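The structure under discussion appears below in the form of structure tokens.
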Amino acid sequence: MDIEPIKQTLDSEIAAVGSLQALEELKVKYLGRKGVLAQLTGQIPTLPPDQRGQFGKQANELKNKILTLFAEKQQALAGQAVAQRRTSVDFSMPGIAQDLGFAHPVTQVIDEICGMFRRMGFQVVDGNEIETEFANFTGLNIPLEHPSREAFDTFYLDCPAGAEGKYLLRSQTSTVQIRAMSAQKPPIAVVAPGRVYRPDAVDASHSFMFHQIEGFMVDTDITFSDLKGVLEFFAKGIFGQDIAMRFRPHFFPFTEPSAEVDISCIICKGKGCSVCGRKGWLEVLGSGMIHPNVFRTVGYDPKKYTGFAFGMGVERIAMLKYGIHDIRLFSENDLRFLRQF
Ligand code: DAH
């Protein structure tokens, strides 16, 4: 095959190309696996040995020429396309409306609650979603035989080789008590929002993942009335100034005494309806005075310090506040639901 005529055809073919797509097709013709250049170089072994070097050199020159021509043409065509687009803009066309994003209702409720606690002097702290069994249970005075430690109530993880103790997806934000108190000395006041995980079957009021906000305050003279005052400020801010609150004695391993906190039903104002199960009260959170064993875990002197702690489910608060009946709505990403907030 002679090289000279190929060069000429190439020149005229390239000149005739009018679009990037046509250029791409021509590229395949010359540089493709079965293209002109491949055929040329495929001939080399059939030539007499003394002609091979010269022929190879020419084929190589041709290849470089092809590459340069294609690059130039490509640039020229791209430039044309831009120029064309510039002249074809129709400034009378209506614009494309940009949808502004907004925070998810769970995030909005977290921000609102944390904002209220921040105004009372609490710092907002992050925790780990992957936790040790120690921070989730042992350090919080939860005994080995406690049912919440069972594998059907907690997601345990495969541990890295050489790890001490078990790892898990935290089942409560109370872990942040251990983390934050181990890192800071009193006085300390913290709220910690975040995700928690439990292997619950999903239904209208349960999910394998939901959000909690943990709060606690420790100093030399913190009392149960501080807890009541702080929680009343929070509950009235979220649910309205006219609600009533009550503390019901309860048990949590990491607080003593412990209480569950109810607000008067925001639907029936305490008379009894289907939302509050005719009780007139809605449970909103768990709380209590921090157990001396927790102080021992984090290296605080239980004789010197006292403190309170509380923990609430964010989805539950949002459901009560906005009258949402199904927790699954929060994670289905249905904009018809989300846009209402
Ligand atoms: N961690 C508890 C739970 O997930 C909630 C809770 C109750 C947190 C009492 C507290 C507390 O700090 O004092 O059910």
Side-chain angles (χ1 to χ4, degrees), residues 110 113-114 117 122-125 127-129 131-143 146-150 152-155 168-182 186 188-200 205-218 222-232 234-235 245-263 282-295 297-298 300 302 305-317 327:
I110 288 176
I113 295 173
C114 289
F117 282 102
F122 285 72
Q123 53 169 322
V124 181
V125 163
N128 309 343
E129 288 175 33
E131 262 298 1
T132 57
E133 188 181 25
F134 184 82
N136 201 84
F137 293 122
T138 318
L140 286 163
N141 198 39
I142 300 176
H146 196 278
S148 65
R149 286 188 178 233
E150 300 279 348
F152 53 80
D153 274 321
T154 298
F155 287 111
L168 44 78
L169 294 180
R170 69 174 172 189
S171 59
Q172 50 180 353
T173 45
S174 304
T175 51
V176 182
Q177 290 188 38
I178 304 301
R179 297 275 166 199
M181 287 197 267
S182 300
I188 179 172
V190 162
V191 277
R195 281 186 273 268
V196 299
Y197 301 84
R198 295 179 190 178
D200 282 340
S205 51
H206 293 87
S207 178
F208 52 86
M209 185 283 290
F210 57 99
H211 297 74
Q212 287 188 333
I213 297 180
E214 189 79 10
F216 49 93
M217 181 186 277
V218 182
I222 302 294
T223 66
F224 203 96
S225 29
D226 294 313
L227 172 64
K228 288 177 90 171
V230 162
L231 289 182
E232 192 172 331
F234 147 75
M245 272 180 92
R246 72 173 183 189
F247 284 70
R248 231 173 341 99
H250 197 76
F251 174 79
F252 295 106
F254 32 89
T255 40
E256 182 61 34
S258 305
E260 280 192 331
V261 177
D262 300 338
I263 58 167
L282 299 165
E283 182 198 321
V284 287
L285 54 83
S287 67
M289 300 305 289
I290 298 175
H291 197 287
N293 284 348
V294 176
F295 283 153
T297 299
V298 299
Y300 288 5
Y305 294 114
T306 53
F308 64 72
F310 58 87
M312 64 183 96
V314 179
E315 280 84 350
R316 179 167 171 78
I317 304 275
I327 195 172

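Counting starts at 1 for both ligands and their atoms, in listed order. Here the structure is a predicted model, which means the values were calculated and not measured.
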### Query
Of all residues at least two apart in sequence or in a different chain, which pass the side chain to side chain donor-acceptor pair (under 3.5 Å) check with Ser182?
none
### Query
Is there side-chain contact between Tyr300 and Ile290, with at least one heavy-atom pair below 4.5 Å?
no
Nitrogen or oxygen contacts under 3.5 Å, ligand 1 side and protein side:
{"unit_1": "ligand 1", "atom_1": "1 (N)", "unit_2": "Gln172", "atom_2": "OE1", "d": "2.7"}
{"unit_1": "ligand 1", "atom_1": "1 (N)", "unit_2": "Ser174", "atom_2": "OG", "d": "3.0"}
{"unit_1": "ligand 1", "atom_1": "4 (O)", "unit_2": "Arg198", "atom_2": "NH2", "d": "2.9"}
{"unit_1": "ligand 1", "atom_1": "4 (O)", "unit_2": "Gln212", "atom_2": "NE2", "d": "3.0"}
{"unit_1": "ligand 1", "atom_1": "12 (O)", "unit_2": "Gln177", "atom_2": "NE2", "d": "3.3"}
{"unit_1": "ligand 1", "atom_1": "12 (O)", "unit_2": "Glu214", "atom_2": "OE2", "d": "2.6"}
{"unit_1": "ligand 1", "atom_1": "12 (O)", "unit_2": "Phe310", "atom_2": "N", "d": "3.3"}
{"unit_1": "ligand 1", "atom_1": "12 (O)", "unit_2": "Phe310", "atom_2": "O", "d": "3.4"}
{"unit_1": "ligand 1", "atom_1": "13 (O)", "unit_2": "Ala309", "atom_2": "O", "d": "3.1"}

### Set of side chain to side chain contact (heavy atoms under 4.5 Å, CB included) partners for Pro249, sequence neighbours left out
none
### Query
Between Phe117 and Phe310, does the ring centre distance come in under 6.0 Å?
yes
### Query
Any salt bridge between Arg179 and Glu131, counting N to O under 4.0 Å?
yes
### Message
Please enumerate all residues that pass side chain to side chain contact (heavy atoms under 4.5 Å, CB included) together with Met245, with sequence neighbours excluded.
### Response
Leu231, Glu232, Ala235, Ile243, Phe247, Val261, Ile263
